[in-house]
Each structure stands twice: as structure tokens, then as C-alpha cells.
2 protein chains.
Amino acid sequence: MSRPSVSAKDVADLAGVSRASVSRALTPGATISHETRARVVAAAEKLGYQVNRLASGLIRNETGIIALIASEIGTPYRAQLLGALTEKLQQAGKVTLLINTDRSDESVERALRQAISYRTDAAIFLSGMPAWSLAETCQKNGMRLVLINRDEARPGSVLVRLDDRAAGERAVALLLAAGCRRLALASSEAGTPSLIARESGFRDAVRAAGLDLVEERIGVTSYRTGLELGTRLMARSDRPDGVFCTTDLMACGLMDAARFRFGVEIPRALSVIGFDDIAQAGWESYALTSFGQPIDKIAGAATDWLQNPAETAAARITLSASLVWRNSVRQLHQPHNS
Amino acid sequence: MSRPSVSAKDVADLAGVSRASVSRALTPGATISHETRARVVAAAEKLGYQVNRLASGLIRNETGIIALIASEIGTPYRAQLLGALTEKLQQAGKVTLLINTDRSDESVERALRQAISYRTDAAIFLSGMPAWSLAETCQKNGMRLVLINRDEARPGSVLVRLDDRAAGERAVALLLAAGCRRLALASSEAGTPSLIARESGFRDAVRAAGLDLVEERIGVTSYRTGLELGTRLMARSDRPDGVFCTTDLMACGLMDAARFRFGVEIPRALSVIGFDDIAQAGWESYALTSFGQPIDKIAGAATDWLQNPAETAAARITLSASLVWRNSVRQLHQPHNS
DNA sequence: CTGAAAGCGCTTACAG
DNA sequence: CTGAAAGCGCTTACAG
């Protein structure tokens, strides 16, 4: 049960140099002669030598490991973000430790302990928030923290957020322009910072327009919740004609409930706007007009921030969601095609 | 830029014991007195000590890290499997190193080198196949290999597969029972072992039934491909009335093309069967009858195999896909409800 | 049951 | 530019 594997010693012997030289030859900035480096590289190549990152991580203050802490990995938006993040991180020469926090409440804490055990250089939170005290422990251990669509940043961490509020406001404008007069807001009870911001942006803009607002909020953020949301909303005597769903997953469910359970035509009798622009929003059965998360930019921003030493002050990066216009919102005036 | 972090030495000092005792106190099977262990545990707790897995991985022949090698992480089926795998692995006390192989062709090789660098205990392949030589290198480094829905196993590795062929055959029987007579097979050009097996199972059963088979195969495995597949199939003069899509993603696209571009009613005029049972198959717009991947069982089998020392011979685990009956296949006889 | 010592594979001052 | 030496934080025979 032993693990052979070739070490720097083997390479040194073959190249006829010291172990120190092997290390230098393989370290980008190190001072070493061209000739020695070439000999070492050749020997390493020949033996199939791979630096043991465990050992190097023990010495240097960088392991190259970034922890990704997320729940609901199987969900469209999360999965997409995960893909983008791992890709960018790999391009930056980092490796991803994926920690799933679906189970139990103390799992964020356990995730962080794991991350510390493996001395990850940083932790990126896609879900959940670390308790204040734990976050501090992480930072004491030299970990940097990236919080995506989370609440509060703290020194040494960065917050990557979207202008969710603005999107909520814009949704109202779009719905009004579509001629809708009975607006509704459909959301889950998840209460994450992004959902709350989308909700309040929408709510405030509706009020500002002097209209009544129907609000329905239940369960977790899912297709199934959307189905129920749609059922409740469509069953009302003052059935809404325009609804903003804080998430595409819920929007899809809501659309299905409206169409199949109530025979409501979309967008003729009901306009729907979602958020996230998940792949399914683009499927012909939905053709959902939605605010797209700039996933690549989010991943890029997180990775970039981790790359450069960065200021110690808490940073906040705000990206904007861009509307993807499809066919779930009524168009009053036919576009003038030339 | 140094990383403080408390070490076993600190704990030893506080508890008034040697570093060796700290190690023993924190190792499940070690011989140590109850009293000493208690003192150590208390001290560790107090200092917030976390064993440095980098250092322990250097010594023991186990790092607790499992590499997960996958492409198209954002895709429904993959994302789901990823979620299940990380969950099971974590339950088993392992940690997941996620390696994304979407970029370039040599990325599987790079992925494996990364895995070796971090001395992962094993690598689980969800996509791609390691080159023979590289796989050998991995095994020489003591890594075990799990191949999910891949081709050939080799000693020291396990292959987890589905009875794809049987599902293909069964699809024919279902379609025939639904009264379909012009059967079609719709697939992508990905040519993975699972797709090939599903295809040949279907093809052979159609032939055995003495029917003609229309076969359409293009592009990558995606919704968009399904759209094109559906367009081609529905445009034929001998339009099929029953089709088996080797993947739900393609089935959804195919259904949309049939309905929205050709006005074909499903399941009245066209019966469709998919494979994977992704979440969207259950959405009301699709209600797709599909063969479900036993995702939890797959993840469980992989994890279990990694847990017990296992035989050195190549192992093969075959799981079966179970049909999830929905509403995309015509039912000739009304079920007799009591 | 416990401690002192060796060693895992690396990197990095320190001399030369 | 290079090598000998120290040390990262752990585990594990080896004595006692």
C-alpha cells in the first residue's frame, strides 16, 4: 500500500544536480542558469516528475487550492456558475476544492474547517454565509474570502454582487410598457440578499407608479414553488396580468401553472419576467424574458481579485444583469422592421 | 504574508503532552489513555486546532482528496451527478477536487497531472477517458480510478455502468405498445459508450421487430441539437410517430421543434422517450417519459468501492435505469382505475 | 501508554 | 549560480 512516485531527489540524481536546483528549475522566478534548468527539465520530463503540492504547500504560503462552498449544485444557475468558476480558476493555475453544503445547518462550518485543514488559499461562497467568528478564523489562517451575492463583506474579503434592485425596478417599467396594470411579485422564502433586493426594487417601483401590488412568497426557490406560486396568483379574482419572478426556475413553474392549469395565454394575457437567464429560459416552451447573470464576469471578477494581492480593505464589486428579451412579455407596438 | 495557524505543537504544550500524543489523540484507532485523549481534545478545541492535512497527507498514504474529472458541469445530468457525488464523498469523510475538462483536448491529461500533484487518493471520471499510459501513471502513484459510464476498466479500477442496451430495447417495446409503427432514433455524435449502447439496443430491437428504422444523429448532446433533430425528423415525408432520444436534453429540443414548428401533437401524433430523467423532464411543458439514471446509486457505488480496499482485479458494476412514466408516450388503453 | 527521533518531499535563507 | 542545511507540520516505528 505504499505510494512510490518519483521525487525531486530522483530528478536531481538523474540530472546530476542538487535537490535545491530541481526546485529552482521548476520555480518560475528563481535564479538558475539556463543550462541547469534545461537539464533538470529534461530529467523531470523523462521521469514523469510532478511536484508534490502537499509538500510545497507546507513550505510556501500558497497551496493553489481554492475552496468553493455551495449548496444546490444540481440547480441550473448554480451549476453554470460552478462551471465558469472552475474554468477561470484553472486558467489561473488554481485547483478547486468543491464543498457541498446541502446537508444540515452546521455544514457551512464543517466546510470551512475542511478548507482550513487543507490550507486553501481562499474560499468562495456561492451559498450560505460563514459565521462572523469562523470567517475570522479563516482570515487568521491567511485565507481570503469571496462572497458571491451575499450580504456583508469584511476586511480582506470581496463581495461580488449584481444590481438586483435596479433589475427589479426595470421589470416594473417593462411590464408597464407592455400595458400590464395588475402587477405581481412572485418569490420564494429563501430571503437571500439578492432575492430581497430584487423584491424591494420591484415593490418600490410599483408603489412609485401608484399601482397596487400583489405579492406571493412561499417555499424554496424551485420549479415546484413556481407552479404553486402560479396557481395561487392565477386563482385570484383580481388575476395579475404582469408578474416578476425573482428566479427563472420559479418563472418556468409559474408559466406552466398559468398555461396548463388556467389556460392563460402568455404573453397575451400574462406577461412574465424572470431572473438568471438559465438555459431553460431560452427553450422554446418558455422563451422567457429574463435578466441574465453575467456568469463569466462574476467568475472573472472573483478570480482576478484572488490573483492580485489586493487592498486589505473590504472590496465590493457590482456587476449588472442585462435583460435578455424573449417572448414572455407582451409587445404592444410591433417593432418597425425595415 | 505569513500564515499563523495553530499547530500540534501548540496543542501539545497546552495539554502538557508530546506532539506524538496529540497525533494519537486525534487518530481514531490509536492507543492512548482516555485521560490523555480528553486533555488533548480539550486543548485542541480551545485553540481551534485543525490537523494540517497537507502534512498528514505527506506521511500517510492517504490524503482524503478525491479528484472528480468532468466536462460540461453546467448541464442538468452532470450537475446532478456532481451534487450526489460530492455529498456521498463528504459523508465518507473525503474531500472533492473538481477538475473541469471543458477546455482543449489535452485537458484530461492536465487534469490527471493536477490530481497526481495533490496526491489524490482516487480519480472519478464522469467524462473523457484517460490515456492508457496516464492511467497507469496514476495507478503507479497509488490512485484508484472510477470510470462512470466509460468504456474499459483496467485492473485497480472500477467501471460503473448502466444497462443502456436494455433500455434501448425496452424503448422499442414501449413505443410499439403505444401503437407506433414508424420508429426513429435520435442521437448526437458524441459517441460515448452509453449513447452507443442505447442506440444499438434500440436499433437491434427495431430490426428484430421487422420494422424500418429512421436514424438521425448530429452534433453535440444538447437542447439545440434536439431542436435540429426534431426539425429533420418531422420534415420527412415518412414522418416518424415514435422516437427514442438518447438523452432528455435532446428530447426536450425535439419535442419543441415538433410542436412549435410542425404543430405535431404529443403524444397523440408523436410519442417520445428520453433518457436521464433530468429535472426538466418532469416539468409540465415536457412531461417526458424517460429512463432515470440512478444517480444516488451511481454515487454510492463509486464511493463504496473507494471505501473498502477492494480486490485488485478490474471491477464492473452495472446498475439499471428505471423507466419514469409520464405523458409523452401515447397510451392506447385507458388504465382501469378502480 | 508515552516520548524522542526519524522522515515524508519540498523550499529557502545562508554561504561560497 | 549552486549546494548543504534547516525547517514546514505531521505520523510512526522504536524504546522504555
Side-chain angles (χ1 to χ4, degrees), chain A residues 1-41 43-44 47-65 116-121 141-142, chain B residues 1-41 43-44 47-65 116-121 141-142:
Chain A
M1 197 64 167
S2 79
R3 290 183 155 207
S5 101
V6 8
S7 77
K9 174 97 172 60
D10 303 322
V11 178
D13 289 350
L14 179 60
V17 299
S18 70
R19 287 135 123 243
S21 291
V22 173
S23 200
R24 289 193 192 99
L26 271 23
T27 305
T31 50
I32 189 169
S33 72
H34 274 293
E35 204 234 338
T36 309
R37 166 164 282 156
R39 273 229 306 288
V40 171
V41 168
L47 297 176
Y49 171 67
Q50 293 292 123
V51 173
N52 184 331
R53 300 295 250 115
L54 261 31
S56 76
L58 208 49
I59 305 298
R60 310 174 55 202
N61 52 39
E62 209 180 54
T63 56
I65 310 178
I116 294 176
S117 284
Y118 286 98
R119 299 296 186 267
T120 64
D121 297 334
N141 281 280
Chain B
M1 196 69 167
S2 78
R3 290 182 154 208
S5 101
V6 9
S7 76
K9 173 97 172 62
D10 303 322
V11 178
D13 289 350
L14 180 60
V17 299
S18 68
R19 286 135 124 243
S21 291
V22 173
S23 200
R24 284 194 273 260
L26 269 25
T27 305
T31 49
I32 190 169
S33 72
H34 274 292
E35 204 235 337
T36 308
R37 165 164 282 153
R39 273 230 305 288
V40 171
V41 168
L47 297 177
Y49 172 66
Q50 293 292 123
V51 173
N52 182 331
R53 298 295 251 117
L54 260 31
S56 76
L58 208 48
I59 305 297
R60 309 175 55 202
N61 53 40
E62 212 181 50
T63 57
I65 309 179
I116 295 176
S117 284
Y118 286 98
R119 298 295 186 269
T120 65
D121 296 334
N141 281 281

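All values reported here derive from a predicted model rather than from experimental measurement. Chain naming here is simple, since letters A, B, ... match the order of the sequence lines and numbering starts at 1 in each.
Summarising the geometry, the separation between CG on B/Asp13 and P on D/dG9 is reported as 13 Å, rounded to the nearest angstrom. To the nearest angstrom, C1' of D/dC10 lies 11 Å from CZ of A/Arg119. Remark: C1' of C/dC8 and CG of A/Asp10 are 13 Å apart, rounded to the nearest angstrom. The distance from atom OH of B/Tyr118 to atom P of C/dC10 is 13 Å, rounded to the nearest whole Å. Rounded to an integer number of Å, the gap from B/Lys9 NZ to C/dG3 P is 13 Å. For B/Leu58 and C/dC8, the CG to C1' distance is 4 Å, given to the nearest whole Å. The distance between atom CG of B/Leu54 and atom P of D/dG9, rounded to the nearest whole Å, is 11 Å. If you take CG of A/Leu26 and C1' of C/dG9, they are 13 Å apart, rounded to a whole angstrom.
Across all their heavy atoms, B/Val22 and B/Val40 have their closest contact at CA-CG1, 3.9 Å. Residue A/Arg19 comes nearest to A/Ala12 through the heavy atom pair N-CB, 3.8 Å, listed as atom of the first residue, atom of the second, then distance.
In this structure, B/Arg53 contributes its side chain and B/Ile65 its backbone to no donor-acceptor pair below 3.5 Å. Judged purely by atom type and a 3.5 angstrom limit, B/Asp10 uses its side chain to pair as donor or acceptor with the backbone of B/Ser7.
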Nucleotides 11-15 of chain D: which of its N/O atoms have a protein N/O under 3.5 Å away?
unit_1 : atom_1 : unit_2  : atom_2 : d
D/dT11 : OP2    : B/Ser23 : OG     : 2.1
D/dT11 : O5'    : B/Ser23 : OG     : 3.3
D/dA13 : N6     : B/Arg24 : NH1    : 3.4

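Atom CG in A/Leu14 sits 11.5 Å away from atom NZ in A/Lys9 (nearest 0.5 Å). Note that the CD atom of A/Gln50 and the CD1 atom of B/Ile116 stand 6.0 Å from one another [nearest 0.5 Å].
With a cut-off of 3.5 Å on both pairing distances, the Watson-Crick and G-U wobble pairs of DNA chain C assemble into stems of 3 or more at C:1-3 with D:14-16, C:5-12 with D:5-12, C:14-16 with D:1-3.
Contact check, B/Ser7 against D/dC8: no side-chain N or O comes under 4.0 Å of OP1 or OP2.
The listed nucleotides are D/dC8, C/dG3, D/dG3; the one nearest the side chain of A/Val17 is D/dG3.
Among the atoms of the strands shown, only primed sugar atoms or phosphate atoms (P, OP1, OP2) are found under 4.0 Å from some heavy atom of A/Ser33. Contacts of B/Ser21 with the nucleic acid, taken as non-hydrogen atoms under 4.0 Å apart, involve only primed sugar atoms and P, OP1 or OP2.
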Test A/Asn52 against B/Tyr118 for side-chain contact (heavy atoms from CB on, under 4.5 Å), laying out the working first. CA-CA 6 Å; A/Asn52 184 331; B/Tyr118 286 98; over 6 Å; no
Please output the side-chain donor-acceptor pairs of residues 25-33 of chain B that fall under 3.5 Å, not counting sequence neighbours, one pair per line with the distance.
unit_1  : atom_1 : unit_2  : atom_2 : d
B/Thr27 : OG1    : B/Ser23 : O      : 2.7
B/Ser33 : OG     : B/Thr36 : N      : 3.1
B/Ser33 : OG     : B/Thr36 : OG1    : 2.6

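Screening A/Leu58, A/Leu54, A/Thr63 for a side-chain contact (heavy atoms from CB on, under 4.5 Å) involving A/Arg119 leaves a single residue, A/Thr63.
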